[in-house]
Amino acid sequence: MSTFSKEAGAALIEHALSLDCIHCGLCLHTCPTYQLTGNESASPRGRIHLMRAEAEGRIEPDHGFEEAMDSCLLCLRCESVCPAGVSFESMMEDCRDGLDSVRPKGWLVRVVRRIGFGHILPSRRGIRLALGALKLAQVLGLTRVASTLLGARGRALGSLPPVPPRAERQPLNLAAPTPGSESSQAWLMEGCVMPELFGRVNRASATVLAAAGVHCRTHAEHTCCGALHAHNGDLTGARELARSTIIAFESSARIPVVINSAGCGSHMKEYPRLFSDDPEWLERARAFSSRVVDFTEFLAAPERLNPLKSRLGPSQSGTLAFDDPCHLCHGQGVRSAPRTLLASIPGAEVVELEDPEACCGSAGIHSMLRPEDSSALLAEKLEDLERSGAQTLVTANPGCHMQWAGGLTQANSPKQVQHIAEVLAQALKPNAS
Amino acid sequence: MQEQIVTQLRAIVGPEGILTDSTALLAYESDGLTLKRQRPELVLLPRDTNETAQCMRVLHEHGIPLVPRGAGTGLSGGATPVPNGVLVGTARMRDVLELNAEDRFARVQAGVVNVDLTRCCDGDGLFYAPDPSSQMACTIGGNVAENSGGPHCFKYGSTTRHILGLVIVTATGEVLHLDEADVDPAGFDLVGLFVGSEGMFGIATEITVQLTPIPPVTETLLAIFKALDPCCDAVSDLIAARLEPSAIEILDKLAIQAVEASVFAAGYPQEAEAVLLLEVEGRESAVEDTVERMLPILEAHGLLEVRRARDAGERRKLWAGRKGAFGAMGRIAPDLYVADVVVPRTRLREIVRYATDVCSERNLKISNVFHAGDGNIHPNISYDRRDEEEVARVLEAGDLIMETCIKYGGSLSGEHGVGLEKQAMMSRLFTPDDLSVMERVRRCLDPDGRLNPGKMFPVRSCKEVRPQLAGSPGEST
Amino acid sequence: MSALLEALAKDGVEGELVGNKPMALPTSEAQVQAVLKRAHADGLRVVPMGLGSKLEWCRPEYITSADLLVSTRRMDKIIDYVPGDGTLTAQAGCTMTQLEEHVLTGGHRLTPAVALPGRSTLGGVLAAGLSGPDRQKRGPVRHHVLGTRVVLPDGTLARSGGRLVKNVTGYDLHRLHTGSRGTLCILLEASLRLFPRADDHTHLIREEAELDGLLARCVELRTLECEPLAWTLENHGGPWRLHVALEGRGRAHEEDVRDVERVLAPQEILRGPQADEAFDALRGLDASGGWGEARALTRTSRLSAILRMLEKEDGLHVVAQMGIGEVRLQSPGLNEASTERQIEQLEEWRQRLTPLGARLEPRMVRAQTQEDLAPALAAQPALDWMFRLQDEFDPKAQFRSPSFPGRRA
């Protein structure tokens with residue numbers, strides 16, 4: 001039994017927030033962890049009930065409490081079905097942040113937090129070093145060794161995609177255009193891990209945006225938006241990164257910030273929540289968040305979709321199925337845009353998964369912290385994909401991308417995973433000019 | 001709970017099938033009725049009939065009371081734990097065991113969610129008709145226990161009309177097979193008796209349900225009214241004209257506003273005092289005919305506008321708004337008291353008016369969203385449980401509404417069940433003899449009174465009849 | 001025996017002798033209670049009845065072994081018919097004809113459409129759990145009983161349900177009473193859901209010497225959009241006849257008729273009053289005209305095989321409800337046959353029907369036949385619960401119905 005040092009009377013969450021929940025239970029069936037376990041303390045209603053009980057001083061945040069909160073994937077599917085509009089995400093973030101200050105953590109969490117969140121993600125150099133090391137380990141076969149040593153928890157390590165050669169791990173370095181109309185400009189946020197592991201997705205995004213008549217620019221220094229920090233109980237770290245993100249893109253106040261990673265986009269759209277007690281930053285956060293737009297959402301607008309359509313040739317990816325990243329459909333409410341885009345590819349055969357809005361189990365670092373749960377969720381998704389007959393699974397989020405790729409590799413499946421930007425880029429006809 | 005019993009049970013259901021952590025158990029302290037709370041000693045989540053039977057035998061052996069639970073979405077406290085009691089949940093019994101499209105039935109485990117049943121058979125042109133508003137989450141087992149209703153019960157009838165067979169685990173852990181999908185019961189209608197018995201006769205682990213062909217054409221009408229009273233009168237007149245839509249629902253202004261503020265916003269006009277949601281099914285010409293005959297009746301009662309939806313997406317939206325209405329009340333106040341009274345359909349306006357007046361006299365916020373076609377009204381009273389004085393006013397209003405319904409020839413519950421919520425009122429509706437006969441039936445099937453004890457029957461009469469009955473109703477807050 | 005009638009007369013209850021059996025004819029709930037309290041105190045064996053038409057299901061021992069018949073036929077008041085609510089509440093002794101005519105004034109119909117409505121009381125119909133051909137559309141009567149008032153063998157009067165079309169307050173004991181065949185209680189009063197009487201009625205009939213052609217048409221009929229009021233395939237010696245009764249209104253009804261006509265290619269299409277007559281005739285088929293009947297209960301998909309098997313039987317009358325899965329086997333010679341012969345015949349049917357997935361339920365045979373066959377036919381795990389309920393309601397085993405559901409040995 002670990003000990004807890006919680007200030008007497010200080011609740012983890014604001015009690016008033018929990019009152020929105022009327023205990024109707026409509027969320028239960030959509031919750032992946034409830035589906036897995038049948039345990040109501042691993043359901044959104046149960047978790048809120050426990051948070052509320054804690055805030056009322058009826059229970060202490062003990063191990064059972066921690067377990068209930070930690071097991072949540074924060075997939076936000078519950079928010080999509082909640083008639084009362086409970087802000088589950090912010091409650092859970094507050095709760096985890098509060099828990100963080102009162103509890104001792106397991107070694108893995110400590111390592112991930114201190115090194116990963118504190119040093120790697122916030123700096124381009126840190127990320128490059130880490131990924132360089134991973135590349136070396138992969139070449140030497142060390143990841144396989146480590147993954148064996150770590151047991152189930154190492155599975156995620158083993159299923160990481162191979163780090164691409166150094167040449168492919170370059171940021172885009174797209175500069176601002178020479179003075180002209182700002183309306184066709186956009187920031188393309190490259191992200192932290194994306195340029196290293198998914199440089200091709202960023203390149204594809206830029207190519208497609210260009211084909212749609214958008215001049216893209218990227219930020220040389222900026223890396224992490226802080227989404228992982230916020231989800232995993234480090235609101236302080238999340239606020240710091242939010243401030244630096246806002247600052248990085250503040251100079252060009254009218255240019256939209258396009259995000260091709262749904263998890264990051266969802267978080268950045270919610271930046272104001274981080275600064276509810278800080279009027280100055282709240283204002284700046286609002287201004288920034290209003291410019292944040294998902295890659296698919298941005299492209300599906302007619303002024304970009306129409307020029308893009310004229311450039312699209314036959315699909316190169318076989319039968320496609322789009323799997324809604326949780327933070328795109330539940331987090332941002334973006335559902336039709338990616339489908340509109342796929343349908344614009346001439347002759348593309350697009351099929352629907354039976355349950356495209358179910359979580360694949362990636363959920364940020366969840367796949368690393370709770371590998372069994374994560375695998376169980378992925379297994380159902382893989383079956384769904386199999387039944388759909390699609391050859392290419394299309395996603396719009398790097399976490400999901402890795403999760404699917406890992407699952408397909410392990411299953412020796414001939415199917416592939418592509419970011420929607422890659423699918424579109426491959427379908428582009430060579431420019432006539 | 002003795003460690004030895006826990007060990008015995010764990011051996012049956014496996015480590016994932018038993019919850020003992022006191023914090024985790026707190027998540028089970030109430031169902032959709034949050035006024036009453038009681039933490040269970042233990043939660044068991046067996047995976048099939050056999051595991052359930054083994055668990056029940058152990059509990060029987062040790063004389064431990066228990067409460068069956070599906071998804072815990074019920075609104076009468078039927079799944080609220082009892083003191084020193086165990087919860088037996090069906091959350092891990094979610095398999096569809098058999099789907100027979102030709103003979104139109106399915107055999108499912110009790111934990112299958114209502115909406116999943118319809119999903120699994122819609123490819124065969126069939127659906128499962130009873131559609132409680134919680135159908136997104138509630139289980140068939142729970143529906144059986146409470147004889148659940150829903151909007152479409154107006155045409156298709158409550159759960160009981162759709163249950164063909166059951167596998168029941170009894171209080172002593174025996175397994176009773178009543179599961180041949182048969183035309184008529186061979187002997188007494190035990191299936192019909194079991195449905196609606198609120199978890200007091202046993203645990204249904206496998207359920208054979210009747211499936212219904214999807215009608216060729218379905219049209220949903222949203223009729224907008226100037227005021228609630230004439231809207232109610234319009235419904236009484238529709239019934240009296242013997243028209244046969246498949247659902248007749250009313251939402252009043254406050255309910256409309258709550259829904260429109262939610263993720264289920266359905267495009268109900270927020271300025272309307274009341275809307276009537278009507279569904280008409282059948283062949284094209286029959287739908288046309290019914291709609292044509294309905295419109296003059298609606299117009300005679302101050303209809304402002306009618307919107308017709310045939311497109312599946314539009315209809316889904318209109319219904320999602322209706323079905324999310326209860327949860328959407330969370331926007332009005334933290335807690336909600338949902339009455340579930342029924343009156344003859346000739347008395348709709350009177351009872352709705354009475355409920356509204358009773359609440360406004362007590363300065364309570366009331367919204368109405370109900371199954372008008374069945375005379376089943378849900379005055380929803382929003383409150384904050386931290387305000388004890390307000391809680392008292394809510395309960396008083398609830399009692400007055402129930403009493404008035406009884407006076408009108410009505411009843412306490414149309415679909416939510418009695419449970420903990422309305423047990424005190426039972427002696428107003430039934431004579432001591434009526435209740436004692438029900439208790440005698442119960443005693444036949446659960447001689448020790450260990451299944452969901454302390455529910456349905458008024459506490460006083462309960463104690464008189466069975467002083468040794470385990471447990472008493474959940475603690476009040 | 002008339003001493004008993006005299007004693008009852010002191011309680012104000014009239015009665016008469018039927019053959020040598022005293023029959024109490026109470027006119028009020030209190031009188032029924034008084035009769036049963038006396039019978040309970042004296043340990044009399046009681047046969048509850050209406051007009052007695054269903055006593056033939058297990059004659060004659062059923063009656064000969066009884067001490068007292070109690071008929072509710074004089075309790076024939078209609079308590080409440082609410083046209084605006086579509087509900088009817090009536091005393092058990094009302095005849096179905098009386099009720100049907102009464103609700104027709106408000107444009108309603110009653111289910112079930114039984115064979116002999118003038119000779120059947122509401123109490124008897126519910127206790128027997130009878131169906132009529134309209135079950136195809138309406139479903140079994142147990143779905144439409146909204147509430148009951150009953151007297152238990154010890155004289156306790158109890159109510160269940162109510163007069164409301166939707167109600168879940170308390171246990172659904174009225175579901176237990178419906179179809180309990182006089183073994184648990186005497187029904188005093190019941191409330192029923194009513195149905196609108198449709199404007200237009202059409203009855204279509206196709207006749208063929210061979211069964212196969214009609215079965216093929218049935219397969220196609222099943223795929224149609226319309227919901228027939230009745231859908232019956234019957235043979236009473238000679239050709240097979242397939243009936244489809246439709247009800248509805250205006251254009252939709254005409255389209256239903258047209259669809260059925262296309263599939264059925266009927267020789268007869270009867271409309272209006274003629275259709276009503278044809279439907280009444282169809283109801284009448286349910287009356288076997290005597291003893292010697294059994295019901296085979298099955299899934300609808302198994303009906304074809306069962307009917308093909310029965311087609312080869314000589315002299316058997318068959319009435320099959322095609323959308324329900326019920327086949328009545330009427331063997332005219334069987335009614336007068338000895339117990340041994342009846343058992344032999346029923347056993348033969350059972351052995352041939354069981355492999356085809358049907359359950360056999362004997363009716364209108366000797367009580368001794370029922371009793372002897374019970375172990376084979378009623379072997380079911382739920383018997384224990386049924387016995388417990390019987391013991392609880394009727395601890396002295398006063399209400400004897402040898403056919404149903406049996407009695408703990």
**Request:** Measure distances from B:I168 to the heavy atoms of chain C and classify the residue's part below 4.5 Å as side chain, backbone, both or neither.
**Result:** side chain
**Request:** Among the options C:N167, C:V82, C:D172, C:T87, pick out the one with the most heavy-atom pairs lying under 4.5 Å from chain B.
**Result:** C:N167
**Request:** Using a strict 4.0 Å threshold on nitrogen-to-oxygen distance, state whether B:R440 and C:D154 make a salt bridge.
**Result:** yes
**Fill in**
Turns out that what part of C:L389 lies under 4.5 Å from chain B's heavy atoms comes down to both
**Message:** Return the OG1 to CD distance between C:T300 and B:E102, rounded to the nearest 0.5 Å.
**Reply:** 7.0 Å
**Item:** Closest non-hydrogen atom pair, B:R283 against C:C226
**Value:** NH1-CB, 4.4 Å
**Prompt:** Can you tell which of B:V195, B:L412, B:V191 has the highest number of heavy-atom pairs within less than 4.5 Å of chain C?
**Reply:** B:L412
**Message:** What verdict does the side chain to side chain contact (heavy atoms under 4.5 Å, CB included) test give for C:R299 and B:N100, after you've listed the backbone C-alpha separation in whole Å, the side-chain angles of each residue and the deciding distance to 0.1 Å?
**Reply:** CA-CA 11 Å; C:R299 297 178 186 171; B:N100 185 328; 3.8 Å; yes
**Message:** side chain to side chain contact (heavy atoms under 4.5 Å, CB included) for B:L429 and C:R159? Distances and angles first, verdict last.
**Reply:** CA-CA 10 Å; B:L429 184 63; C:R159 179 167 76 88; 3.8 Å; yes
**Item:** side chain to side chain contact (heavy atoms under 4.5 Å, CB included) evaluation trace for C:W385 with B:T170
**Value:** CA-CA 10 Å; C:W385 270 26; B:T170 67; 3.7 Å; yes
**Fill in**
All heavy atoms of C:L164 vs all of B:S411, minimum pair found to be CD1-CB, 3.3 Å
**Item:** Proximal component of C:D80, with respect to chain B [non-hydrogen, under 4.5 Å]
**Value:** neither
**Prompt:** Is there a donor-acceptor pair closer than 3.5 Å between any side-chain N or O of B:R242 and the backbone N or O of C:H108?
**Reply:** no
**Fill in**
d(C:D384 CG, B:L445 CG) to nearest 0.5 Å is 9.5 Å
**Prompt:** Is a side-chain N or O of B:R345 found less than 3.5 angstrom from the main chain of C:D85, in a donor-acceptor match?
**Reply:** yes
**Request:** Heavy-atom distances under 4.5 Å only: say whether B:S158 touches chain C with side chain, backbone, both or neither.
**Result:** side chain
**Message:** Could you check whether C:R251 pairs with B:D289 (Lys NZ or Arg NE/NH1/NH2 to Asp/Glu carboxylate O, under 4.0 Å)?
**Reply:** no
**Asked** Stepwise, does the salt bridge (charged side-chain N to carboxylate O under 4.0 Å, His left out) test hold for B:R293 with C:D199?
**Response** CA-CA 14 Å; B:R293 293 208 289 158; C:D199 295 0; 5.0 Å; no
**Message:** I'd like to know if B:D103 and C:R302 make a salt bridge, using a cut-off of under 4.0 Å between side-chain N and carboxylate O.
**Reply:** no
**Request:** Please determine which of C:L157, C:V150, C:L173 meets the side chain to side chain contact (heavy atoms under 4.5 Å, CB included) test together with B:V437.
**Result:** C:L173
**Message:** Among B:V342, B:V418, B:V341, which residue satisfies the side chain to side chain contact (heavy atoms under 4.5 Å, CB included) criterion with C:T169?
**Reply:** B:V418
**Message:** With chain B as the partner, which of C:E254, C:R193, C:H253, C:H174 has the greatest number of non-hydrogen pairs under 4.5 Å?
**Reply:** C:R193
**Message:** Quick check: do B:V183 and C:R135 have side-chain heavy atoms less than 4.5 Å from each other?
**Reply:** yes
**Complete:** Ranked by heavy-atom pairs below 4.5 Å to chain C, first place among B:E244, B:E288, B:R347 goes to B:E244
**Item:** From CG (B:D340) to NZ (C:K166), nearest 0.5 Å
**Value:** 7.0 Å
**Asked** So which part of B:M438 gets closer than 4.5 Å to some heavy atom of chain C, the side chain, the backbone, both or neither?
**Response** both
**Request:** Select one option (side chain, backbone, both, neither) describing which atoms of B:N376 are under 4.5 Å from chain C's heavy atoms.
**Result:** side chain
**Prompt:** When heavy-atom pairs shorter than 4.5 Å are enumerated against chain B, which of C:G86, C:G248, C:G170 gives the highest number?
**Reply:** C:G170
**Message:** Using heavy-atom distances under 4.5 Å, tell me whether B:E146 contacts chain C through its side chain, its backbone, both, or neither.
**Reply:** backbone
**Request:** Supply the atom-to-atom distance B:F188 CZ to C:T178 OG1, rounded to the nearest 0.5 angstrom.
**Result:** 12.0 Å
**Item:** Atom group of B:H371 that falls short of 4.5 Å from chain C, counting heavy atoms
**Value:** side chain
**Atom group of C:R222 that falls short of 4.5 Å from chain B, counting heavy atoms** = both
**Item:** Under 4.5 Å from a heavy atom of chain C, the part of B:I239 involved
**Value:** both
**Request:** For C:R175 and B:T160, work out which heavy atoms get closest and say how close.
**Result:** NH1-OG1, 3.2 Å
**Prompt:** How are the rings of C:Y171 and B:F201 set to each other: parallel, tilted or perpendicular (split at 30° and 60°)?
**Reply:** tilted
**Prompt:** In terms of heavy-atom proximity below 4.5 Å to chain B, should C:H144 be classed as side chain, backbone, both, or neither?
**Reply:** side chain
**Message:** Please identify, among C:R149, C:R295, C:Q321, the residue contributing the most non-hydrogen atom pairs under 4.5 Å to chain B.
**Reply:** C:R295
**Least distance between heavy atoms, B:L190 atom then C:A382 atom** = CD1-CB, 3.6 Å
**Message:** Can you give me the closest heavy-atom contact between C:R388 and B:C444, atom names plus distance?
**Reply:** NH1-O, 2.6 Å
**Fill in**
Whatever's closer than 4.5 Å to a heavy atom in chain C on B:M200 counts as side chain
**Fill in**
The interface call for B:D184 against chain C, heavy-atom contacts under 4.5 Å, is both
**Atom pair OG (B:S285) and CD (C:E225), whose distance is rounded to the nearest 0.5 Å** = 8.5 Å
**Item:** Top contributor to chain C contacts, counting heavy-atom pairs under 4.5 Å, from B:G157, B:P216, B:G196
**Value:** B:P216
**Item:** Reported CZ-to-CZ distance for the pair C:R142 and B:R161, which is rounded to 0.5 angstrom
**Value:** 12.0 Å
**Message:** Treating B:D433 as the side-chain partner and C:A158 as the backbone partner, does any N or O pair qualify as donor plus acceptor under 3.5 Å?
**Reply:** no
**Request:** For C:R359 and B:A186, work out which heavy atoms get closest and say how close.
**Result:** NH1-CB, 3.1 Å
**Item:** Under 4.5 Å from any heavy atom of chain B - which part of C:F195
**Value:** neither
